[in-house]
Amino acid sequence: MATHEPRYRVPVPKYRPGDEPDFSHLKIPAAGQAKRPGVDVDGRDTIDLALGMVRVLDHNHQAVGEWNPEIKPDVLREGLRHMVLTRVYDERMLKLQRQGKMSFYMKSTGEEAVAVAGAMALKDSDMVFPSYRQQGILFARGRDIVDMMCHCISNSGDNLKGRQLPVHYTWAEGNFFSISGNLGTQFPQAVGWAMAARYKGEDQVTASWIGDGTTAEGDFHGALTLASTYHAAVILNVVNNQFAISTHQNMAIGDAPTFAMKGLGYGIASLRVDGNDFLAVYAAMQWAAERARKGHGPTYIEYFSYRADAHSTSDDPSGYRPKTEAKAWPLGDPIERLKNHLIGLGEWDDERHETLEKELNDLVVKSYKEAESHGTLHDGPLSPIPSIFEDVFEEQDWRLIRQRQDLGV
Amino acid sequence: MATHEPRYRVPVPKYRPGDEPDFSHLKIPAAGQAKRPGVDVDGRDTIDLALGMVRVLDHNHQAVGEWNPEIKPDVLREGLRHMVLTRVYDERMLKLQRQGKMSFYMKSTGEEAVAVAGAMALKDSDMVFPSYRQQGILFARGRDIVDMMCHCISNSGDNLKGRQLPVHYTWAEGNFFSISGNLGTQFPQAVGWAMAARYKGEDQVTASWIGDGTTAEGDFHGALTLASTYHAAVILNVVNNQFAISTHQNMAIGDAPTFAMKGLGYGIASLRVDGNDFLAVYAAMQWAAERARKGHGPTYIEYFSYRADAHSTSDDPSGYRPKTEAKAWPLGDPIERLKNHLIGLGEWDDERHETLEKELNDLVVKSYKEAESHGTLHDGPLSPIPSIFEDVFEEQDWRLIRQRQDLGV
Amino acid sequence: MPKMNMIQALNSALDIAMEKDPNVVSFGEDAGYFGGVFRVTAGLQKKYGLDRSFDTPINEAAIAAMAIGMAANGLRPVAEVQFSDYIFPAIDQIVSEMTRLRYRSAGQYTQPIVIRSPWGGGIRGGQTHSMSPEAFFTHIPGLRVVIPSNPYDAKGLLLAAIENNDPVVFFEPKRMYNGPFDGKPDGALQSWANHPKGEVPEGHYTVPLDQAEVVREGNDVTLLAYGTLVHVALSAAEKSGIDAEVIDLKTLTPYDIETITKSVKKTGRCIVSQEAPRTSGFAAELAAQIQEDCFYSLEAPIYRVTGWDTPYPHAHEWSYFPGQDRFINALKSVMEAA
Amino acid sequence: MPKMNMIQALNSALDIAMEKDPNVVSFGEDAGYFGGVFRVTAGLQKKYGLDRSFDTPINEAAIAAMAIGMAANGLRPVAEVQFSDYIFPAIDQIVSEMTRLRYRSAGQYTQPIVIRSPWGGGIRGGQTHSMSPEAFFTHIPGLRVVIPSNPYDAKGLLLAAIENNDPVVFFEPKRMYNGPFDGKPDGALQSWANHPKGEVPEGHYTVPLDQAEVVREGNDVTLLAYGTLVHVALSAAEKSGIDAEVIDLKTLTPYDIETITKSVKKTGRCIVSQEAPRTSGFAAELAAQIQEDCFYSLEAPIYRVTGWDTPYPHAHEWSYFPGQDRFINALKSVMEAA
Ligand SMILES: Cc1ncc(C[n+]2csc(CCOP(=O)(O)OP(=O)(O)O)c2C)c(N)n1
Ligand SMILES: Cc1ncc(C[n+]2csc(CCOP(=O)(O)OP(=O)(O)O)c2C)c(N)n1
Ligand SMILES: [Mg+2]
Ligand SMILES: [Mg+2]
């Protein structure tokens with residue numbers, strides 16, 4: 001065991017496997033405290049929001065403060081449904097992956113509010129550049145579940161012709177960009193998209209999501225620089241789920257007080273939001289979308305959350321963090337919190353919740369059966385083999401034609 | 001002429017050729033106003049310094065305020081000498097380039113204080129990673145002028161064997177890194193160097209300089225992220241000379257209030273300094289070096305200055321900015337300002353200044369003669385031709401040996 | 001027909017493309033107001049407005065990414081990288097994103113993008129203004145790489161590249177912006193005004209993206225070149241007295257295998273050339289494919305004339321650059337081989 | 001002798017290097033506490049401390065740059081890039097800085113750096129976990145590119161790379177971390193425990209950085225491979241019944257031209273292989289040089305067995321991957337050619 005003092009600082013997380021996690025040191029502002037400026041606020045004047053935290057649901061599950069978006073119960077129930085569906089779907093897909101039905105899977109457990117509330121606060125005609133943990137957007141936008149599954153099992157029904165890893169969805173019809181496996185690359189692309197939308201005279205807003213770890217990439221800086229310079233109608237979101245695979249967020253954040261603070265270095269309006277609070281996420285995204293739509297420029301948002309499960313099916317977090325950490329997480333579970341809020345409003349109850357879970361579980365099971373009717377990864381049918389030579393160029397050149405012949409297909 | 005309104009914002013400078021430049025809109029804090037915190041200040045608490053400006057010399061050329069480094073007149077005179085030498089050298093080399101004596105040249109006119117005062121506030125044993133406009137460091141560190149010239153004319157005396165463009169100096173003996181032509185690349189390298197210095201138990205401080213335009217590069221973000229995360233003993237300097245070739249700094253700064261503010265997004269101690277004020281630059285660098293040496297981590301500094309001449313010998317600024325801008329620049333000329341300060345102190349006068357200029361001019365002329373005795377770019381001698389195959393690897397592999405044979409040398 | 005140098009020809013192509021299609025936009029470092037450090041985009045901002053021809057922050061990755069986002073959303077961006085030496089910060093966006101987007105989205109998104117960049121050496125630019133990095137790009141599936149060798153082709157190829165729906169990296173041999181270069185640095189500067197390919201129609205035309213051109217017919221040996229080296233190869237062929245057929249590739253990927261093999265089968269000998277370092281350069285690809293397709297016609301090994309496996313030196317530029325002598329030596333060797 | 005898989009062998013090399021030289025440090029994304037997503041650096045942080053084996057922010061360019069700064073200042077960094085697909089953000093630092101620093105400083109600064117990265121396909125990783133980007137790196141002057149094919153070599157080559165004073169990109173064929181792979185995806189998983197090259201000495205040894213190895217002697221045709229394809233080539237040679245000589249290159253730049261040409265001059269036929277897309281791949285370099293050096297011995301064109309000029313597909317991985325059948329077909333074709 002190395003005994004010397006490290007000669008430069010290497011940040012380590014507070015808790016490692018075996019430790020008893022206790023997050024009482026985290027300074028979490030009370031719900032309702034954050035002020036809600038007008039959507040035309042000068043980005044430089046949002047420092048309090050970048051250092052504080054937009055929270056709407058208080059410890060009694062009541063919606064409080066200026067950021068309360070005052071959404072109708074119907075809409076809240078719809079949000080709850082999408083979040084539960086996301087979770088049920090994730091659980092099922094994980095099991096199926098374990099059974100060898102797909103090569104890989106990534107859950108979004110604990111982060112459902114970020115994707116679902118974010119998507120619901122946008123218009124369906126707004127463009128999204130998600131990363132691999134915002135499948136909730138697809139549910140919120142009503143993508144067909146069977147289609148999603150066909151993609152994940154790469155069968156003949158996969159709209160991506162089996163070319164992408166599972167969960168790396170593309171859905172142009174739904175204004176959902178192509179998810180890249182390379183971290184951060186789509187962040188500056190989203191700015192380019194947003195500029196083109198204005199160029200074409202559209203009032204579409206563009207949003208992109210990356211993780212806390214990804215903020216360290218050069219493309220993060222490129223995105224914020226472009227957005228700031230060209231005053232783009234873009235919403236740049238960072239989901240701080242505390243981890244980048246095994247690496248704690250303190251490796252990317254360094255000495256910065258919050259990830260939201262990074263936006264201030266570009267003069268971009270920057271918010272820090274309770275990512276497990278459906279209402280806060282909704283309110284923040286709604287604010288940012290209105291700001292962008294009205295021509296007041298970009299917004300940069302950090303969602304404070306926690307990755308409640310493994311990074312992916314290739315990962316086992318028990319090797320680097322206490323198993324009990326998710327439970328100890330002070331911001332709770334987004335589904336539980338919205339559920340309790342609805343119950344408090346008298347708009348929901350445990351029984352309806354159970355029924356909903358069952359209904360969605362059945363839907364997922366049924367959908368998977370249907371998905372398999374389009375083929376399985378191992379037994380097919382998959383997309384026809386010659387399709388591997390398509391869509392490289394608009395038209396195949398002689399090399400691809402020869403190579404297809406070489407392969408004998 | 002295009003008549004439509006731009007559909008996204010594209011920043012433009014206030015003045016273009018033909019305009020009458022007037023910088024009265026620039027909010028320039030008065031000298032002496034900035035507070036000087038202890039060198040152990042938490043980086044996050046430097047926001048006032050990042051938004052304000054460290055200035056020592058007031059409009060009467062007197063040194064005022066907490067940041068007054070109270071340097072002895074001898075040292076000030078030495079600084080003046082290095083700055084005048086830098087300017088004289090630059091002028092001469094420009095002329096020689098115009099005569100075809102070297103392929104290229106880059107002056108640092110108007111920015112001499114940044115390099116000279118910065119270098120003087122460091123120890124000579126501290127490591128520097130400059131970019132191409134800090135030749136002043138070499139004079140401050142006493143590099144032989146003939147050697148510098150031999151490099152610029154790529155002759156047999158060039159310590160870089162003719163491999164680099166002029167002004168891309170390397171001088172390991174002087175703890176002066178190899179200047180890269182690629183913008184920004186050396187910024188994160190400096191952090192690695194600084195970490196290694198601590199690793200080896202040295203108290204050396206490392207400093208690097210880039211320009212305002214270069215802050216947009218991904219490597220800028222990499223450098224600040226590394227410095228923040230590993231709490232490195234590094235000083236990251238941005239010389240805001242208002243231009244990146246033809247491009248105004250507002251293209252890189254976007255909506256950020258200052259370049260210094262960018263450091264706050266990393267929680268790094270961040271200062272904005274009057275770059276034409278020798279004493280302010282000295283004081284800031286001294287503060288940062290002490291901070292780094294004592295283990296309090298990195299500092300990030302913006303020097304507010306003006307590129308008083310062309311970008312390089314390949315550039316003609318009259319195509320994109322008013323010719324009178326440099327004269328109108330409200331922060332004046334760094335040499336004039338230090339000279340006037342010394343005169344005010346009774347430690348200098350016009351006659352001594354003229355004598356100094358003449359002496360240094362003679363030195364430069366004489367040195368150039370000597371440099372040419374080691375060869376000229378066109379008539380040689382240069383470094384031996386086979387040297388182009390050396391230093392690729394530690395030892396030449398078969399390919400290089402064959403290629404040398406092919407070339408017949 | 002008007003005379004144009006390569007800068008004027010490229011500028012004319014951009015002007016026509018922007019006039020014709022309102023979705024064409026042009027941007028890059030110093031490429032807006034000032035019109036680029038080589039002035040290729042001069043006048044476009046004035047004519048087409050700030051949002052169609054603009055400056056960018058200095059971040060090549062972000063420039064590429066902005067182009068990707070814009071192109072996916074229906075624009076046709078023409079992005080400038082100031083020197084091809086500085087394209088590397090953007091290569092991840094090109095490899096991992098731009099050239100894969102059509103594929104990974106199964107055609108839902110496309111990338112009609114041109115990245116223009118001044119390319120190659122011979123201007124005493126030292127190691128950071130002289131690179132010929134085309135081989136990196138020819139290895140990327142889904143990317144077209146185009147390198148013109150004269151004003152006529154420059155304009156026609158650039159227009160074709162802009163109108164094409166695949167991403168294109170378009171390298172501009174900066175040594176020849178103002179005139180052809182025969183590879184003898186001490187010779188008088190030449191001008192495009194006296195060169196047939198300096199005659200450039202004012203209006204719209206295209207040069208196909210998949211066709212090489214036999215620029216000198218010959219029977220003894222085939223000499224393949226692109227960009228700056230086309231003229232070096234031609235002059236060397238003249239001087240050598242050897243009856244060489246010189247082919248200007250113009251498009252590197254996909255290269256025109258038919259024109260190449262037809263010539264090599266005729267001559268039975270072949271030299272492939274590039275200014276870039278030798279190992280794993282594009283000349284290797286050509287040699288590998290030609291020996292496969294023309295094996296039974298070859299009377300001598302295919303020779304490579306290339307830069308050395310070193311960084312580009314400054315003072316000894318002309319010992320690095322594959323000039324006339326190296327071509328002539330290769331021609332002699334390949335003719336002597338038997 | 002102990003049995004090790006490739007992960008253990010690499011880990012052992014790092015352990016020995018760090019034990020022996022206090023200036024060796026190891027870092028990368030998830031490479032510190034957790035020991036890397038493939039566990040190659042497991043245990044090093046515990047043994048050598050936080051400042052000798054540590055995690056990094058997710059920024060491959062910054063990782064390379066940190067290594068450059070450290071190496072220039074006397075350390076010997078071994079940096080991990082989590083997948084070789086993600087090395088592109090770092091390529092500018094590698095091309096423009098790391099591999100030129102010795103040259104441009106005329107030897108005042110050196111760069112004893114190893115960049116390790118899990119490499120290649122065959123793990124159903126889709127287009128972002130399967131790339132073989134070695135050709136890009138073999139085109140960079142001043143860089144060594146090393147790719148082991150078994151635990152014994154992995155350890156010896158990694159130690160040699162760390163002790164060498166030039167920058168090295170060290171690609172680890174991740175399909176074979178746990179066992180050799182014969183190119184038949186449906187076959188039973190193999191283990192290094194039963195393979196002679198799975199016998200790995202505990203202590204220090206090196207495998208030279210400039211020597212290829214004849215791993216199967218034969219007289220009819222020379223088959224060149226590296227990394228994952230070495231075993232595919234071997235199995236194909238066995239199955240085909242053709243008397244093929246198989247050479248494991250191990251080091252791509254500088255490659256061992258002597259061993260290669262000796263073999264090709266003996267057999268008169270040659271197949272070069274790579275998993276990467278065909279155009280401008282490293283196999284092209286080999287073919288180009290071999291036809292030049294062995295022209296008069298060649299009885300058939302040199303064939304390339306490669307991946308296709310497409311991104312790496314996910315579901316149809318095994319139609320992309322050059323498996324046994326493609327090698328056997330090539331062997332037959334090259335033997336039939338005459
Ligand atoms: C450019 C690049 N580098 C490294 C990786 C490998 N990788 C995949 S996910 C991941 C962690 C990302 O963490 P974060 O951004 O916090 O997102 P999260 O997974 O927590 O949602 C890493 C390092 C990658 N995919 N792309
Ligand atoms: C990576 C890279 N991109 C582009 C260039 C071309 N270039 C050289 S200097 C320069 C402007 C730099 O401006 P700034 O950083 O403000 O420094 P200054 O010249 O003003 O000192 C540009 C774009 C380069 N050298 N490297
Ligand atoms: Mg995360
Ligand atoms: Mg500048």
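This one's a predicted model, so the numbers in the text were calculated from it and none came from an experiment. In what follows, every chain begins at residue 1, and chains take the letters A, B, ... in the order their sequences are listed.
Interface summary for chain C: among D/Arg104, D/Arg304, D/His314, the most heavy-atom pairs under 4.5 angstrom belong to D/Arg304. Between chain C and the residues D/Ala300, D/Pro313, D/Ala61, the largest count of heavy-atom pairs under 4.5 Å involves D/Ala300. Chain C forms the most heavy-atom pairs under 4.5 Å with one residue out of D/Thr138, D/Thr99, D/Asp293, D/Val272, and that residue is D/Thr138. Counting heavy-atom pairs under 4.5 Å between each of D/Tyr303, D/Phe88, D/Trp308, D/Phe282 and chain C puts D/Phe88 at the top.
Two residues are said to be in side-chain contact when any heavy atoms from C-beta on lie closer than 4.5 Å; C/Thr279 and D/His139 fail this criterion. Side chains of D/Ile302 and C/Glu292 form no contact here, defined as non-hydrogen atoms less than 4.5 Å apart. Using a 4.5 Å heavy-atom cutoff, the side chains of D/Ser96 and C/Tyr86 are not in contact. At least one side-chain heavy atom of C/Met131 sits under 4.5 Å from a side-chain heavy atom of D/Val95.
Residues D/Ala135 and C/Ser280 come closest through the heavy atom pair O-CB, 4.2 Å. Residues D/Thr128 and C/Arg100 approach most closely at CG2-NH1, 4.0 Å, considering heavy atoms. Nearest heavy atoms, D/Tyr296 versus C/Pro301: OH-CD, 3.4 Å. Of all non-hydrogen atoms in D/Tyr103 and C/Gln127, the two that sit nearest each other are CD2-NE2, 4.1 Å. For C/Pro141 against D/Pro277, the heavy-atom pair with the smallest separation is CG-CG, 3.7 Å.
Interface remark: D/Leu298 contributes backbone and side-chain atoms alike to the contact with chain C (heavy atom separation under 4.5 Å). D/Glu134 does not touch chain C: none of its heavy atoms, backbone or side chain, sits under 4.5 Å away. Both the backbone and the side chain of C/Ala337 come within less than 4.5 Å of a heavy atom of chain D. Residue contact with chain C, scored on non-hydrogen atoms closer than 4.5 Å, involves the backbone and the side chain of D/Gln289 alike. Interface residue D/Phe136: backbone and side-chain heavy atoms are both found under 4.5 Å from chain C.
Note that the CG atom of D/Asp85 and the CG atom of C/Asp92 stand 10.0 Å from one another [nearest 0.5 Å].
With a 6.0 Å radius and a threshold of 12 heavy atoms from other residues, nucleotides or ligands, C/Lys266 has its NZ atom above the threshold. The number of heavy atoms from other shown groups lying within 6.0 Å of CD (D/Glu258) does not exceed 12.
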